[in-house]
Visitor: 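Here it is, the structure in full.
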Amino acid sequence: MNKFTLPKDGGLIEAGLPNGVKHTYERIPAHIFDDEQIASERLAEKITDAINANGGMFRLGLTTGSSPVGLYRELVKRYRSGDVSFKNVEIYSIDEYYPAPADGHSRNRRLYEELVANIDIKPENVNIPKLTEHHDSAYVSEFCASYDAKASGLDLLVMGVGEKGQVGFNECGASEFSRTRTVLLPYASRKRQAKNFAGDIESTPHTAIAMGISTMLSAKEICLIAWGEDKANVVKQISEEPASASCPASLLQKHGKISFYVEENSASNLTRNVAPWLVGPCDWTPKFIRKAVVWLCEQVHKPILKLTQGDYLSHGLGELLELHGPYDQINIKVFNDFQHTISGWPGGKPNADDSTRPVPSSPFPKKVVIFSPHPDDDVISMGGTFIRLAEQGHDVHVAYETSGNVAVHDDVVLQHMDAARELGFGDRFDQVKEIIASKKPGEPEPRALLELKGAIRRSEAKSAVRSFGLNDQTNCHFLNLPFYETGGIKKGERTQADIDIIIELLQKVQPHQIYLAGDLADPHGTHRVCTEAVLEAINQMKGEKWLEECHVWLYRGAWMEWELGKVDMAVPLSPDEVIKKRHAIYRHLSQKDIVPFPGEDPREFWQRAEERTQNTARLYNELGMAEYQAIEVFVKLF
């Protein structure tokens with residue numbers, strides 16, 4: 001199965017570079033791998049070697065959450081292949097809700113299901129800070145002190161980190177002198193944890209027992225792990241910035257033997273990725289030169305054509321001048337490169353010279369498939385480009401990969417039932433109200449209710465694409481990929497059944513262009529699973545003639561944008577097109593105002609989309625390009 005990563009294009013030449021130089025800016029040295037799977041394999045090897053080299057009982061501290069799942073599976077593989085035994089291993093978990101809920105909602109559920117249940121560890125050697133019911137404060141304090149004493153001085157401690165630098169429920173403001181104790185979970189933390197309780201924050205515990213920072217620092221060695229682009233900011237903060245209680249994991253910098261296991265996306269904001277020319281010699285490909293020039297423009301607040309030789313030299317770019325100078329020629333080349341990314345013809349302009357255009361002029365019109373993970377990602381992420389493709393005469397198909405049913409509020413369903421009743425199409429209001437009342441917190445929603453919610457989202461998606469001329473009967477495809485249909489927030493594994501559905505559609509349409517969600521955040525998130533399923537489908541169809549003329553373009557979701565150094569196509573939008581895109585997003589009424597899972601961003605989707613694309617237009621303008629109302633940008637995968 002394909003793992004979605006962007007191809008490397010230039011960067012720091014690490015071969016032969018001393019570790020001291022490579023980690024120049026890192027207070028906690030980061031080991032960067034191509035993806036989380038490889039990182040998990042290397043860390044599993046390290047743990048296996050440490051267990052096997054240990055003469056007595058090996059004491060291993062492990063994190064909770066989803067980050068270590070890949071690591072657990074790698075350890076199980078090594079156990080099953082006979083590379084390691086856990087008979088002389090003690091495991092210590094770093095936290096648990098208090099009181100601990102039923103196993104299905106335990107913080108340590110994955111630890112048991114993915115690791116403990118599949119190895120030869122003795123049950124008495126699995127240590128969890130677990131109390132299943134409320135006790136008086138004296139009892140709890142004694143329990144925490146006892147657990148702290150046992151968990152002090154671990155041989156190895158492996159921990160994931162939160163998006164704000166939390167580590168094991170040590171939230172912002174935690175003291176570096178803290179020991180194992182009960183902690184009150186703030187609202188923001190409970191909101192994040194609510195996804196494990198079917199999105200019901202009321203059912204999410206208010207307190208937990210957490211290993212303290214001081215206890216963590218007593219371990220002989222610490223390994224931190226972080227996967228996904230949404231961890232990029234905090235990885236930089238933990239690894240490179242001064243220690244601060246506002247980012248608890250950064251307090252671990254003082255440990256004498258600590259390292260960070262990260263992959264390309266979570267490491268993307270580290271200095272050796274953002275500005276590797278400050279660290280050592282680089283491979284100066286055209287895109288990498290563009291990345292450096294954009295960075296320089298941001299540092300000196302100048303457009304490309306106003307950069308001077310002094311600007312390059314005073315910002316560590318002497319090697320670039322030496323290999324590819326003079327500076328004015330670099331400026332002109334990068335300026336032209338950026339101009340050539342801009343195109344109002346995302347499907348290619350017919351009968352035009354396409355030598356410097358991002359998309360070839362022929363064939364025209366093109367067959368296009370836009371894959372949308374949820375029933376609104378198409379218009380939120382690339383609605384303006386979608387409009388252009390449709391209006392310019394291309395045969396555009398949109399494939400909604402999942403139903404998005406769990407993101408519909410119960411009240412919205414009742415409103416639709418009431419509308420049907422008022423219109424005289426049947427009265428099922430009370431019946432549906434009873435189904436909603438039968439829901440149990442933390443359990444999958446009733447299938448009958450999910451079907452109604454899926455129907456609502458399908459009707460909204462069809463309304464949106466009809467608003468700019470798409471035939472919703474022939475060009476609108478609802479794939480309902482099976483991995484998503486669990487009825488809860490936690491999804492199933494991607495299987496061949498998902499891929500076969502995609503293959504069937506692609507073979508039917510045989511597109512010249514495919515647009516995919518390029519989100520690189522949560523490695524287990526819906527967007528990423530959907531994209532990897534499409535890439536695997538394409539991989540399984542290799543050799544088919546139509547694929548020779550097919551190109552894959554990656555768009556971004558509502559939260560992040562491509563950095564300009566990566567952009568291959570920029571589609572400018574007029575003020576009228578921005579309004580038309582906004583109105584298409586409005587058609588998704590169930591996602592307006594009362595979205596059940598909006599994250600920490602309070603803005604509506606149309607606001608996020610407009611601010612993102614308008615900011616991109618501003619950045620292009622600041623580089624010296626024409627000033628547009630908004631710009632949607634894309635990366636060409638192949």
Side-chain angles (χ1 to χ4, degrees), residues 36 40 43-44 47 59-76 89-119 121 125-132 143-144 147-148 150-151 154 156-171 174 178 180-186 188-197 203-213 215-216 219 222-228 230-231 234 238 248-249 252 261 442 489-490 522-524:
E36 65 275 5
S40 295
L43 184 51
I47 294 171
R59 303 170 68 240
L60 175 64
L62 290 175
T63 191
T64 54
S66 60
S67 295
V69 169
L71 171 63
Y72 294 162
R73 292 173 182 174
E74 288 300 320
L75 289 172
V76 171
V89 174
E90 289 179 346
I91 286 177
Y92 292 84
S93 170
I94 63 172
D95 61 50
E96 182 53 275
Y97 296 122
Y98 170 68
D103 290 342
H105 301 296
S106 165
R107 281 283 287 175
N108 289 277
R109 175 177 59 83
R110 290 186 179 94
L111 174 64
Y112 277 100
E113 292 178 353
E114 300 285 353
L115 181 62
V116 172
N118 301 297
I119 56 177
I121 192 167
N125 287 345
V126 180
N127 299 276
I128 309 293
K130 179 179 180 180
L131 290 173
T132 57
F143 173 84
C144 290
Y147 190 84
D148 192 83
K150 290 195 297 181
L154 298 174
L156 178 62
L157 176 58
V158 179
M159 293 184 294
V161 298
E163 292 177 27
K164 303 295 184 183
Q166 312 95 321
V167 59
F169 280 140
N170 288 278
E171 301 282 341
S178 58
T180 302
R181 68 216 183 278
T182 56
V183 295
L184 186 66
L185 301 180
S189 179
R190 292 178 61 234
K191 192 174 180 181
R192 286 191 299 271
Q193 296 302 317
K195 66 179 182 293
N196 300 313
F197 294 84
S203 300
T204 305
H206 289 73
T207 54
I209 295 176
M211 183 184 291
I213 300 292
T215 318
M216 294 172 178
I222 298 175
C223 292
L224 300 177
I225 59 176
W227 322 132
D230 53 342
K231 298 289 179 70
V234 78
I238 294 167
L252 301 173
Y261 280 68
I489 305 304
K490 179 176 171 53
D522 175 11
H524 309 290

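Note that these values count all heavy atoms, side chains included, but never hydrogens, waters or copies made by symmetry. The first residue in the sequence is number 1, and the count goes up from there.
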Visitor: Quick one: side-chain hydrogen bond (donor to acceptor under 3.5 Å, both in side chains) partners of S93, sequence neighbours excluded?
Guide: N108
Visitor: Can you find a heavy atom in the side chain of D148 that is under 4.5 Å from one in the side chain of T215?
Guide: yes
Visitor: Check side chain to side chain contact (heavy atoms under 4.5 Å, CB included) between A100 and all other residues, then give those that pass, not counting sequence neighbours.
Guide: E96, K130
Visitor: Excluding sequence neighbours, so at least two apart, what forms side-chain hydrogen bond (donor to acceptor under 3.5 Å, both in side chains) with N170?
Guide: R181
Visitor: Among all residues two or more places apart in sequence or in another chain, which pass the ring-ring contact (aromatic ring centres under 6.0 Å, His included) test with Y147?
Guide: none
Visitor: Can you name the side-chain hydrogen bond (donor to acceptor under 3.5 Å, both in side chains) partners of R190, sequence neighbours left out?
Guide: H206
Visitor: Would a 4.5 Å heavy-atom cut-off, applied to side chains only, mark I128 and L111 as touching?
Guide: yes
Visitor: In the structure I gave you, are the side-chain heavy atoms of T63 and V161 within less than 4.5 Å of one another anywhere?
Guide: no
Visitor: Kindly write out the residues that satisfy side-chain hydrogen bond (donor to acceptor under 3.5 Å, both in side chains) with T64, not counting sequence neighbours, or none if the list is empty.
Guide: D95, R107
Visitor: If every non-hydrogen atom of V234 is compared with every non-hydrogen atom of E163, which pair is closest and at what distance?
Guide: CB-O, 3.5 Å
Visitor: Check whether any side-chain heavy atom of L43 lies under 4.5 Å from a side-chain heavy atom of C223, and answer yes or no.
Guide: yes
Visitor: Identify the two heavy atoms, one from A44 and one from L71, that lie closest to each other, and give their separation to 0.1 Å.
Guide: N-CD1, 3.7 Å
Visitor: Would you check if V89 and I119 make a side-chain contact, meaning some heavy-atom pair closer than 4.5 Å?
Guide: no
Visitor: Which residues pass the salt bridge (charged side-chain N to carboxylate O under 4.0 Å, His left out) test with E74, not counting sequence neighbours?
Guide: K77, R78
Visitor: Provide the closest heavy-atom pair for W227 versus S67 in the form atom of the first, atom of the second, distance.
Guide: NE1-O, 2.8 Å
Visitor: Taking the side chain as every heavy atom from C-beta outward, state whether L60 and L154 have any atom pair closer than 4.5 Å.
Guide: no
Visitor: List the residues meeting ring-ring contact (aromatic ring centres under 6.0 Å, His included) with Y98, not counting sequence neighbours, and say none if there are none.
Guide: H134
Visitor: My understanding is that only residues two or more places apart in sequence, or in another chain, count here; which of them pass side chain to side chain contact (heavy atoms under 4.5 Å, CB included) with N125?
Guide: M57, E90, I121, K122
Visitor: Which pair of non-hydrogen atoms, one from I94 and one from M159, has the smallest distance, and what is that distance?
Guide: CD1-CG, 4.0 Å
Visitor: Checking P186 now: which residues fulfil side chain to side chain contact (heavy atoms under 4.5 Å, CB included) with it, not counting sequence neighbours?
Guide: E171, S189
Visitor: For A151 versus M211, what's the shortest heavy-atom pair and its separation?
Guide: CB-CE, 3.8 Å
